[in-house]
Structures are given as C-alpha cells and as structure tokens.
Protein chains: 4
Amino acid sequence: MGIAERRQREKDARIKHIQNCAAAVFYKKGYGETTMDEIAKTAELSKAAIYLYFKSKEDLYYSIIEPALSRLARRLIRIASDRREPAEATVRKIISATNELYEKDYDAYHLLSRYSAAEYVKLLPKAKLEHLKELMRSNLRQMEAAVRKGIAQGIFEAVDARLISVILWNCFMGVIQYQENRMEPGKTDYRKKTIDATVELILKGLRKL
Amino acid sequence: MGIAERRQREKDARIKHIQNCAAAVFYKKGYGETTMDEIAKTAELSKAAIYLYFKSKEDLYYSIIEPALSRLARRLIRIASDRREPAEATVRKIISATNELYEKDYDAYHLLSRYSAAEYVKLLPKAKLEHLKELMRSNLRQMEAAVRKGIAQGIFEAVDARLISVILWNCFMGVIQYQENRMEPGKTDYRKKTIDATVELILKGLRKL
Amino acid sequence: MGIAERRQREKDARIKHIQNCAAAVFYKKGYGETTMDEIAKTAELSKAAIYLYFKSKEDLYYSIIEPALSRLARRLIRIASDRREPAEATVRKIISATNELYEKDYDAYHLLSRYSAAEYVKLLPKAKLEHLKELMRSNLRQMEAAVRKGIAQGIFEAVDARLISVILWNCFMGVIQYQENRMEPGKTDYRKKTIDATVELILKGLRKL
Amino acid sequence: MGIAERRQREKDARIKHIQNCAAAVFYKKGYGETTMDEIAKTAELSKAAIYLYFKSKEDLYYSIIEPALSRLARRLIRIASDRREPAEATVRKIISATNELYEKDYDAYHLLSRYSAAEYVKLLPKAKLEHLKELMRSNLRQMEAAVRKGIAQGIFEAVDARLISVILWNCFMGVIQYQENRMEPGKTDYRKKTIDATVELILKGLRKL
DNA sequence: AATGAATGAGATTTCATTCAT
DNA sequence: AATGAATGAAATCTCATTCAT
C-alpha cells in the first residue's frame with residue numbers, strides 16, 4: 001500500500017502546489033488578466049499538466065476559493081454557537097479566525113479578500129456562485145449573532161445588529177484590501193495591528209457607557 | 001462661433017456618454033472581463049466610434065478614473081485645510097465629500113471603490129499608475145491630518161493618527177464594497193445610512209471619555 | 001436604400017462564399033480533420049472573419065447541411081404528393097431531384113452524401129441532430145410512398161415498400177459515395193449514368209412480369 | 001516452449017482485444033473524433049500500454065482495416081475463380097462472403113463500410129493508402145468478373161459489366177451504411193434481409209427475360 | 001462623424017505521444 | 001508488461017484595434 005499512498009500524497013501535493021501558484025497569480029492579476037500560461041510557468045509545469053488536475057480555468061479558481069471559504073464558514077458557526085461567552089470575546093474570535101486564514105491559507109485568503117460577486121456572475125455557473133454567496137452570508141450572520149448577543153447581555157448599546165455586523169465585516173475586509181493593495185510594496189505589514197485596533201475602536205464605540 | 005461651441009458641447013456630451021456607459025460595464029465586469037464590444041453596445045455606438053474619442057481601452061478607463069479621483073483629492077485638500085474647524089466635523093465632511101461623488105459621478109465612484117493597485121500594475125503605464133497612487137495617498141493624508149487635528153484639539157484620544165485614518169478610510173471603502181458586491185440584488189441600498197453609522201461609531205470610539 | 005441593399009447582398013455573398021469553401025474542406029477531410037485555419041485560408045479570410053458570420057465550427061457546418069437537406073425534403077414531399085402520376089415516374093423524379101442538388105448545391109450535397117448519424121451524435125446538439133434525422137426520415141418516407149403507390153397502381157409486385165425504399169435510397173447514396181470516394185481522381189464522373197442505370201435496373205426488378 | 005507459446009498467445013489476444021475496442025470507438029466516432037484516451041478507457045488499459053503494441057494511432061487503425069480487407073480480397077478472388085459456377089450463385093457468394101465478415105470481424109467490417117478514401121489521404125502514408133485502394137479495386141474486379149461470366153453464360157442481359165458491378169457493390173455498401181447509421185437505435189437489424197432482397201432484386205433486373 | 005468589415009495576436013483547451021518508474 | 005505523469009503542438013475561439021467607405 002506504501003506505493004499507492006505515496007502516489008496519492010504526491011498527487012495531493014502537486015494539486016496543492018498548482019493551487020498555490022494559481023492563487024498567487026490570480027491574486028496579483030485578477031481572474032481575467034490571469035493566463036493559464038502564466039500559472040503554468042509559475043508552477044513550472046506545462047499548461048497541459050494543469051489540465052490533468054483541473055478541468056478548466058474556472059474550475060481551478062473555484063477549487064481555491066471554495067474550500068477556504070467553506071472551512072471559514074464552518075469555523076465561524078462553531079465560534080458563534082457559544083451562547084454564554086461574552087459578546088466581545090466572540091467578536092474578537094470571529095475576526096481572529098478570519099485573520100488566521102491568512103497565515104494558513106495565504107493565497108485563498110488573498111482571493112477572498114478580493115471577492116467581488118459582480119465579477120463572478122459571468123465567471124461561475126449559477127449554482128457555484130450561489131454557494132459562495134451563501135457562505136459569505138453565513139459568515140455575516142455569525143457576526144450578527146455575536147452583536148445581538150452583546151445587546152442581550154447588556155454590554156452593547158441597542159444598535160442595529162445587522163448594520164453593525166456589516167460595519168465590522170466591512171472594516172475588516174477594508175483593512176485587508178487597503179493593506180494589500182494600496183500601500184507601497186516593501187512597507188511593513190500593519191494588517192494585524194490595524195485590524196486589532198479597528199476592532200477595539202469599534203467595540204469601544206459599541207459599549208454602553 | 002455659436003456653431004463651433006455647440007459642436008464642442010455635443011462632442012463633450014458624447015465623450016461623457018461613452019465614459020458613463022463604459023464605467024458601468026467596467027464596474028459590472030471588471031476591466032479584464034469588459035470588452036469594447038459590450039461598451040459599444042451599451043453606448044449604442046460602433047466600436048470604431050469609441051476609438052474616435054479614446055485611443056485605447058486603457059485610455060478610456062483612465063479617463064474615467066483619473067478626473068474623478070483628482071477632483072476628489074482637490075476637494076479633500078480644501079476641506080482639510082481648515083485648521084480651526086472641529087476635527088469631528090472635518091472627518092464627517094471628508095467622508096461626505098467622498099460619498100457625494102456617488103451621486104454626482106456614480107460610475108467613476110464605482111470604479112474607484114474597486115480600485116486595486118495590483119491589478120493596475122500591468123494595466124497602466126507606470127506614470128499614470130504612480131499618479132493615481134499619489135492621489136490616493138493624498139486623500140489618506142487629509143484624513144490623517146483631520147485625526148491629528150482632533151488630537152491637538154483635545155477631542156480625540158492620543159491615538160496613532162495614521163492608523164486611525166487608515167481605519168476610517170478602509171471602513172468607508174469596505175462599506176461601499178460590501179453594499180455593492182455582496183448583498184443580494186434588489187435589496188435597499190443601505191450605503192449612506194451604513195456609512196454614517198460607521199463614522200459615528202468610530203468617532204465615538206475616538207472621543208476622550 | 002441602394003447602399004443598405006448592396007451591403008446586404010455583399011454580406012450574403014460572403015456568407016455563401018465561406019460556406020462553399022468550408023463545405024469543400026469539410027467534404028475533403030471530414031468534420032474532425034477540418035481546421036478553421038484551413039477553411040479561413042481557403043476562403044482567403046482570417047479565422048476571426050469566419051467567426052463574424054458563424055458562431056462556431058459546428059454552427060458553420062450545420063448552416064451548410066441543414067438548408068440543403070431541408071430544401072430537398074420539401075421538394076421530395078411535393079413530388080411524392082402527386083397521387084395520380086405513375087409510380088415509376090415518381091421514383092425517377094425523386095432520384096433526379098436528389099441528384100440535381102449536385103449541380104445546384106455541390107458542396108452541401110457532398111456533405112450530405114457523407115452523412116453519418118453516428119458521427120454527428122457528439123457533434124451537434126440534440127435538437128439539431130434530431131431535426132436532421134427527421135429530414136432524412138421524411139425523404140425516405142416519400143420514396144416509400146412512391147413504391148407503395150406503384151403497388152397500388154398494379155405496376156409493382158407486392159413487395160415490402162419500406163424495404164424497397166431503403167434499397168433504392170441506399171443504392172443511390174452508395175453510388176454517390178463510390179463515385180466520389182473510391183475511384184481514382186481524374187477519371188470521368190460516371191455518377192449520373194450509374195445512377196440512372198441503377199434506377200432502371202431496380203425498376204425492372206420491381207415490375208410485375 | 002510451452003511458456004513462450006502461451007506468452008505469444010496472450011500477447012496476440014491482447015492485441016486483438018485492443019483492436020476490437022479501438023475499432024468500436026473508431027466506428028462510433030470516426031477516426032478524427034476518436035481519442036487514444038477513449039480507446040484506452042474502452043480497452044481498460046493505460047494509454048501508454050496501447051503504445052506498447054501499436055506505434056501510433058494511425059498504425060492501430062491500419063492494423064484493423066488492412067487484414068480484414070486483405071482476407072476478404074483473397075476470399076473473393078477464390079470465389080470468383082470458379083469459371084463454371086452459374087454467375088448468379090457467384091454473385092450471391094461474393095455478397096455473402098462480404099456480409100460474413102460482419103459476424104466474424106464485426107468491428108473491422110464496420111470500419112470498412114465507412115471506408116472513405118478522401119479522408120484517408122491525409123491520414124495514411126501513400127503506400128498504405130494505395131494498398132487499401134488496390135484491395136478495394138480487386139474486390140470490385142471479382143464482382144465484375146462474375147457479372148461478365150453471367151453474360152457469357154447467357155443468363156444476364158448484355159449489360160455494362162463494370163457498371164453493374166459498381167451498382168451491386170454500392171447497393172451493398174449503401175444498405176450497410178443505412179442500417180448502421182440512419183435507423184433509430186434499438187430497431188431490429190434488417191441488414192441481412194435487406195441485402196438479400198437487394199441482391200435478388202438486382203439479379204432479377206439483370207436476367208434475360 | 002460614424003460604421004461594418006477585417007485581422008493579428010493571443011487566450012483556453014485538447015490530444016497523440018513519450019518517459020520514469 | 002504496464003502505468004501515471006507530463007508535454008509540445010495544434011485546435012477552437014476571442015478581442016482590441018484598424019481601415020475603407
């Protein structure tokens with residue numbers, strides 16, 4: 001069995017390798033500007049080899065996005081399910097978990113931070129698109145639940161929970177985008193620090209005085 | 001001279017028309033996925049006609065982005081230059097001015113809200129890219145100045161002004177992105193309300209207690 | 001209107017030109033072996049130009065086959081509808097009409113004579129394939145009707161009309177195939193003569209003694 | 001020696017197996033549309049394994065066609081060489097022998113019935129193509145000889161022997177094509193019955209009254 | 001000023017064939 | 001003997017751009 005297992009491991013590794021290379025290029029250029037040629041070159045494989053593992057450019061793209069987003073969604077659901085934990089801790093955990101994707105699944109995370117439903121409309125088949133959207137909505141719902149919990153716990157002011165969750169989520173994504181795209185390369189990555197500061201700022205704004 | 005003037009006005013109108021149509025498509029699909037064919041069809045003109053007014057796809061794109069961003073930058077500089085105005089008012093004005101672009105220059109605004117330096121690297125010639133980046137940086141500096149002023153005025157806590165300006169800016173952009181891309185179509189546009197709520201939340205977080 | 005009309009005429013001519021060139025290549029090589037490049041070269045156009053008029057290789061192919069077959073089907077229906085004409089004359093007319101396609105629509109005819117449902121299964125969308133098949137079946141039905149009429153008229157022996165119509169049709173197609181494919185090039189084209197002789201032979205075999 | 005022999009037998013069996021599978025696919029799809037992948041999958045072997053036994057796609061194809069056609073040619077020569085046998089019997093035997101290929105070498109037969117010189121021109125090297133053509137011509141000559149014999153025997157009318165042999169051959173091939181390609185799947189295979197009826201019809205037409 | 005027609009360059013995808021194991 | 005992996009070459013198709021009218 002050793003051989004078959006090793007084969008499978010190697011295959012998995014190659015798939016992961018291609019996905020990593022592809023994600024890097026997709027991220028740098030955007031889907032439309034990315035060519036299979038460049039992905040192949042980055043992965044040091046022939047174009048045809050890519051097609052051994054993914055049946056189309058779109059398939060490759062989706063194979064990067066979906067699992068990462070799916071994993072995150074599951075994780076957030078678990079985090080938000082703790083009804084007793086103080087709301088502030090839950091909010092921080094949600095943000096942390098999302099941010100952790102960064103270290104573990106750097107490339108998928110990158111793509112996610114660039115997620116733009118409009119662009120995908122023409123790109124992905126309807127079912128896949130809807131699936132991604134549902135995952136995004138689920139993430140938002142977990143944040144909303146956390147804010148609602150905070151109000152119920154008497155910690156937060158009686159704000160519009162949905163609105164606040166959108167704000168939190170957007171601030172988070174905004175920071176990522178900003179740090180990734182707008183800053184000069186070479187500069188220190190302030191992401192973690194900026195995100196933490198943002199969260200604390202907003203939590204402070206939410207607290208009952 | 002009346003005739004020449006009318007001609008010029010008509011020409012300007014046609015240029016604006018093309019830009020509006022193009023911006024709508026660029027926004028919906030992203031630069032790479034947008035075809036000149038679709039722009040032409042949207043503008044109800046022939047492709048060749050577009051080329052009478054813009055010398056390339058990139059040129060057309062830039063002609064939409066740059067003036068809007070440039071105008072905004074000038075406006076923010078003027079707003080931030082008032083050294084005496086209370087900082088909170090200045091922050092609100094900066095955000096408002098940015099948001100107002102929305103009503104006046106809907107499509108350019110859209111494109112701006114999607115601004116992604118990385119994508120532009122391959123798209124725009126270096127000089128143009130640098131120009132856009134400088135405009136963005138300028139906008140950020142105005143916000144930074146406003147926060148710094150608030151600290152000087154003793155209104156805000158002694159926070160990292162740069163960090164806070166980044167946060168504010170990102171939250172703003174994040175909200176826009178979210179509202180544009182992630183929500184189901186048909187839903188009410190919560191943008192203004194969300195942005196205002198975000199700003200107030202953050203201002204509250206900034207205030208000395 | 002002169003200009004618009006001329007334009008349309010020219011466009012029609014170009015479409016016909018492309019179809020003719022394509023049919024010649026399709027015929028010579030078969031669908032699979034034919035490349036758009038070769039069609040373009042034959043038509044003295046760029047590949048892209050072909051795609052201005054036909055949206056895919058398959059579309060181009062179908063646009064050649066279908067109208068010719070459709071026209072023939074209509075014609076055979078008209079011929080077979082004469083209930084009083086002696087059956088032998090009807091049979092001869094059906095064969096003649098089919099053969100005449102040769103002179104008028106040389107290339108489409110060629111493709112038809114090569115028609116092979118099996119090959120098309122993967123090629124054409126189901127609806128188109130079914131349409132072609134129905135046309136073929138219609139043609140066969142007309143021949144069957146003619147044979148049946150001959151029996152009713154007491155001219156032909158009481159044979160299996162369907163079987164005989166299949167035979168007649170096959171002989172006809174067989175002769176075409178043979179003459180087209182199996183003979184050395186440069187040899188005289190015996191098609192017409194061979195077909196006529198075949199029909200007479202079979203009619204003689206059918207007649208009541 | 002037993003071992004070596006068994007090895008050889010096994011090898012032959014594997015070769016035959018591949019040929020059978022390949023022939024089925026070639027027949028269903030045509031040469032151009034057939035992929036080595038599909039052949040391999042049908043044969044439940046790896047693509048590379050196919051190349052252990054055949055040095056190219058074309059080689060595999062030819063290896064199916066040629067022996068079958070060659071065997072048939074030899075058989076028809078033998079059949080036609082009987083100068084004394086009544087011509088009608090000889091004609092029937094020729095047709096039968098050809099038809100028998102069906103049961104014994106189903107797949108090669110299929111391919112033969114689709115034989116199209118034009119397609120092969122680009123496919124096969126000149127020598128191989130010429131060889132196939134010569135085999136086909138030989139078969140035709142045997143039929144021609146049989147018809148000529150019938151005239152000499154005073155059984156047939158003084159027809160153009162070559163023409164009639166072409167007709168007979170074509171009818172035969174036409175019936176096969178028809179039955180294979182044009183009929184709805186699932187229907188009874190009328191081939192044998194149709195062919196016999198065709199031959200009898202033509203013989204009747206040939207006979208002196 | 002405007003357009004229909006055309007195209008070169010390049011994109012995605014396929015496939016016969018080879019090679020290391 | 002057999003195979004999984006890999007690839008070069010070529011196929012279909014797209015698109016920004018130009019040109020004749």
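Labels below follow one simple rule: chain letters A, B, ... track the order of the sequence lines, proteins then strands, and each chain is numbered from 1.
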Which residues pass the side-chain contact (heavy atoms from CB on, under 4.5 Å) test with A:A49, sequence neighbours left out? A:L45, A:S46
Within the side chain of D:S70, is there an N or O that forms a donor-acceptor pair under 3.5 Å with the backbone of D:P67? no
Find which nucleotide of DNA chain F each of A:A48 and C:K47 is nearest to by heavy atoms, and output the residue with the more 5' nucleotide. A:A48
Report the C-alpha separation of A:Y53 and A:K11 in whole Å, then their side-chain angles, then the decisive distance to 0.1 Å, and conclude whether the side-chain contact (heavy atoms from CB on, under 4.5 Å) test is met. CA-CA 9 Å; A:Y53 300 98; A:K11 187 172 175 170; 3.9 Å; yes
First of A:M36 and B:A49 reached from the 5' end of DNA chain E, by closest nucleotide: B:A49
For B:T34, enumerate each residue passing the side-chain contact (heavy atoms from CB on, under 4.5 Å) test, keeping only those at least two apart in sequence or located in another chain. B:V25, B:F26, B:K29, B:I39
DNA chain F-proximal residues of residues 7-21 of chain B, any heavy atom under 4.0 Å: none
To the nearest angstrom, the CD-P distance between C:E38 and F:dA10 comes to 14 Å
At a heavy-atom distance below 4.0 Å, which nucleotide of DNA chain E is the first touched by chain B, and which is the last? E:dA1 to E:dA6
Main chain of A:L60, side chain of A:Q19: is a donor-acceptor contact present, judged purely on distance under 3.5 Å? no
What pairs with A:E10 under side-chain contact (heavy atoms from CB on, under 4.5 Å), at least two apart in sequence or on another chain? A:R6, A:R14
Stretch residues 51-60 of chain B: residues that reach within less than 4.0 Å of DNA chain F through a heavy atom: B:Y51, B:S56, B:K57
Who pairs with B:E130 by salt bridge (Lys or Arg N to Asp or Glu O under 4.0 Å), at least two apart in sequence or on another chain? B:R137
Backbone N/O of D:L132 and side chain of D:E66: donor-acceptor pair under 3.5 Å: no
Applying side-chain contact (heavy atoms from CB on, under 4.5 Å), can you list everything that pairs with A:L52, at least two apart in sequence or on another chain? none
Reading 5' to 3' and counting Watson-Crick or G-U wobble pairs with both distances under 3.5 Å, write the dot-bracket notation for DNA chain F, | for bases paired outside the strand. .||||||||||||||||||||
Using heavy-atom distances to pick each residue's nearest nucleotide on DNA chain E, tell me which of B:E44 and C:E44 is more 5'. B:E44
Any side-chain heavy atom of C:E38 within less than 4.5 Å of one from C:E33? no
Under the salt bridge (Lys or Arg N to Asp or Glu O under 4.0 Å) test, which residues partner D:E58, sequence neighbours left out? D:K128
Qualifying residues under salt bridge (Lys or Arg N to Asp or Glu O under 4.0 Å), relative to A:K41, sequence neighbours excluded: A:D37
Can you name the residues that form a salt bridge (Lys or Arg N to Asp or Glu O under 4.0 Å) with D:K57, not counting sequence neighbours? none
